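Working notes for the structure below.
To find a chain, count down the sequence lines: A is the first, B the second, and so on, and within it residues start at 1. Everything numeric here is computed off the predicted structure, so don't read it as measured data. Atom set for the values below is all heavy atoms of this structure, side chains included, hydrogens, waters and symmetry mates excluded.
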There are 2 protein chains.
Amino acid sequence: MKRTGEMSKSSPSAVSGRAQQLLKLLVERYIREGQPIGSRTLARGLGMDLSPASIRNVMADLEDMGLIKAPHTSAGRIPTVQGYRLFVDSLLTVKPLEQCEVHALRDKFGQTADPQQVLVTASSLLSEVSSMAGVIMVPRREQATVRQVEFVSLSDNRVLVVLVLSGHEVQNRVIHTSRRYSPSELTQAANYLNHALSGKDFNKVRDALLNEMRETQENINQLMMAAIEMANRTFQGAEEGGDYVLAGQTNLMAYAEMADIERLRLLFEAFNRKRDILHLLDQSLHAQGVQIFIGEESGYEVLDSCSVVTSPYEVEGEVVGVLGVIGPTRMAYDRLIPLVDVTARLLGAALNQTQ
Amino acid sequence: MKRTGEMSKSSPSAVSGRAQQLLKLLVERYIREGQPIGSRTLARGLGMDLSPASIRNVMADLEDMGLIKAPHTSAGRIPTVQGYRLFVDSLLTVKPLEQCEVHALRDKFGQTADPQQVLVTASSLLSEVSSMAGVIMVPRREQATVRQVEFVSLSDNRVLVVLVLSGHEVQNRVIHTSRRYSPSELTQAANYLNHALSGKDFNKVRDALLNEMRETQENINQLMMAAIEMANRTFQGAEEGGDYVLAGQTNLMAYAEMADIERLRLLFEAFNRKRDILHLLDQSLHAQGVQIFIGEESGYEVLDSCSVVTSPYEVEGEVVGVLGVIGPTRMAYDRLIPLVDVTARLLGAALNQTQ
DNA sequence: GTTTAGCACTCCTTCTATATGAGTGCTAAC
DNA sequence: GTTAGCACTCATATAGAAGGAGTGCTAAAC
């Protein structure tokens, strides 16, 4: 599934000032209109007085450098991946969000308190504002620690096990026990576990704890085993690469460049499978600021006609996840970059408050 | 969005034996091959020796009755919604699942213990076996009661509120309190609430409780208010029509009859919106056994080219939800009906065990 | 009365030919 | 270095013709 990118066939050498200006105009225009741009159109759009013929010369150079290409002989040119890359890296003039837009976003964030809900809100927001798909990695539990364990007695022989994890995530499960436990037994078991587990790296103390329990053979073991097994499963899941929240898949179906339903199906299946997308997001985890994968750059075939704009987000000064938007290669990078950037900050801030 | 169905234009009168036999063959064949069936093909498939011309006469009758139609003058015939309806109601010979298939399904169910997880498994199962979309309404909390409330003290001024609801669902949320509460205060508050709430219909006691609290003005109110607010939100959510788990959307993208990407987009958006689909599923809640909505019968435009096969499922002898598959009108009803039926039973059984 | 062969007719599909037009690359002149 | 001119390419659109699947109708056969 993963592939290595190919490089431009010609020298990626210095591009003359005018050629750059032209490329910029071409990419901007193509992003706006979605159709191959011809020399005549470009000549009109350009400020200076240059004939289409001159433009054609420059365009031929750009094509040699692998920055633009013609879908067929008598069409205009469209940017290649390398063209987009150069555009994004050195030609792009970003359009910062308006103050009111930022405020609108901030307001939306303000409304929700539940951490999980914040992620859902944020991904919906990303997808709505961008008209593409918004994706947010759920925050990684940086160190695998259990903060607190509680046992709550229910009716019959059922006990509710509550695990409070680092990062204030709470997990619970009802277990059926072989006998009824008194409240004091439950407290005792909880105290024991809390003392043994709290603050320590779970993976390190787990085995010691299990051994100890095997020796003492206490019959409240059943409860503790359940708790440990729960924690185990949780942390194992986390190690296996985490999870993400996705919104606005359907937005992608409205783009003409996504019309191939079979390709789209494969993309959606990749979304469901999650693995590939997570790997991609992981790559941005330790980048600072916004990162962009254009077309085949991502290395995943299903994303060949897509670009992904990502940004890591921080909670309490530490990067805990990545968020981004996914859409057709022909996307409004100038608007999306600040959008993703701002959303990452807002999400971090919102998650800080729920801690 | 909701519409009323139109009826057949001609008399839905008695259909002769041979005509029925022919219709059956036609529908079966069309479901298998997906292309309009002509008189010649039908004559060959039919056991008895009849010339295409004779068949044509019968087909003309069937068309007059609104049971089949021709996409255009010189194509064969395809079933109309009414044709499918008659087929499903009185002509269909269901293909019960093989014993080994049933066992395979049962095995899959056996593996999961968490109720929420069971729903996910079951919907995936439905979608995989049917190669269409599988949908499962989450079990309805029949009466809105809170079984138990617990407060767990966390570090700082944070308290974890745990709500155990009827149906063994557990909800939790961390709240920030204005001051630190002692363990005995927490127990006291929990006891108070448990006494007031447990087993009673929440909506009935809520207001009385709130009034009482306003009078006593105890400052542990903050905790109790939070708990009540949580319960309120939960039950309100339940009253607003519940929720469902969906799997295998992408399967639908592989069908030729779903090739229109814009229609598909609208369908997927309806899936996200949930409301319409929930309304539809609700209609099957009090039907006994499998129910089928063919094409426009559902009354929702987005489902015009789809059929939905549903069945309610029971926990402890009481219907708590509906499950089903959604796919193109041209679906293998004979296989799907038993599949949905069996899955409903298995789901009920699996949920019984997790109680 | 039912069945069937025959036949004209419809209309989708495919193929071919042709025109149109947008846009190019190249050359030669400015 | 720039540009006008021109031949060339190729996607797109349109029209006509051939082919074929399937129908409806009529009249004859059973």
Whole angstrom is fine here: how far is it from [atom1] in [X] over to [atom2] in [N]?
| X | N | atom1 | atom2 | value |
| --- | --- | --- | --- | --- |
| A/Glu63 | C/dC26 | CD | P | 11 Å |
| B/Arg40 | D/dG24 | CZ | C1' | 16 Å |
| B/Leu42 | D/dA21 | CG | P | 17 Å |
| A/Ile37 | C/dT24 | CD1 | C1' | 15 Å |
| B/Leu50 | C/dT2 | CG | P | 13 Å |
| B/Asn57 | D/dC25 | CG | C1' | 10 Å |
| B/Arg44 | D/dA21 | CZ | C1' | 12 Å |
| A/Asp49 | D/dT3 | CG | C1' | 12 Å |

(message) Under a 3.5 Å distance rule, please check whether A/Thr250 uses its side chain to pair with a backbone N or O of B/Phe268 as donor and acceptor.
(response)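 Flag not set: sc A/Thr250 to bb B/Phe268 has no pair under 3.5 Å.
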(message) Tell me whether B/Tyr244 contacts the main-chain N or O of B/Ile277 through its side chain, where contact means a donor paired with an acceptor under 3.5 Å.
(response)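 Not a single qualifying donor-acceptor pair exists.
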Looking only at side-chain N and O atoms, does [X] come under 4.0 Å of OP1 or OP2 in [N]?
| X | N | result |
| --- | --- | --- |
| B/Arg18 | C/dT2 | no |
| B/Ser54 | C/dT4 | yes |
| B/Thr73 | C/dC11 | yes |
| B/Arg56 | C/dC7 | no |
| B/Ser51 | C/dT4 | yes |

(message) With no hydrogens and no angle check, just 3.5 Å: does a side-chain donor-acceptor pair link A/Thr310 and A/Gln291?
(response)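 Note: A/Thr310 and A/Gln291 side chains miss the donor-acceptor criterion.
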(message) Between the side chains of B/Lys69 and B/Glu63, is the shortest nitrogen-to-carboxylate-oxygen separation below 4.0 Å, so that they form an ion pair?
(response)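 Judged by the 4.0 Å cut-off on N to carboxylate O distance, B/Glu63 and B/Lys69 do not form a salt bridge.
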(request) With the side chain of B/Ser39 defined as its heavy atoms from C-beta on, choose the nearest nucleotide among C/dG25, D/dT23, C/dC11. (result)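 The answer is D/dT23, which lies nearest to the side chain.
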(request) Between B/Ser74 and A/Met59, just flag the one whose closest nucleotide in DNA chain C comes earlier from the 5' side. (result)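 Here B/Ser74 is the residue nearer the 5' end.
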(request) From the options A/Leu67, A/Ile37, A/Asp64, A/Leu42, select the one residue that forms a side-chain contact (heavy atoms from CB on, under 4.5 Å) with A/Met59. (result)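 The option that passes is A/Leu42.
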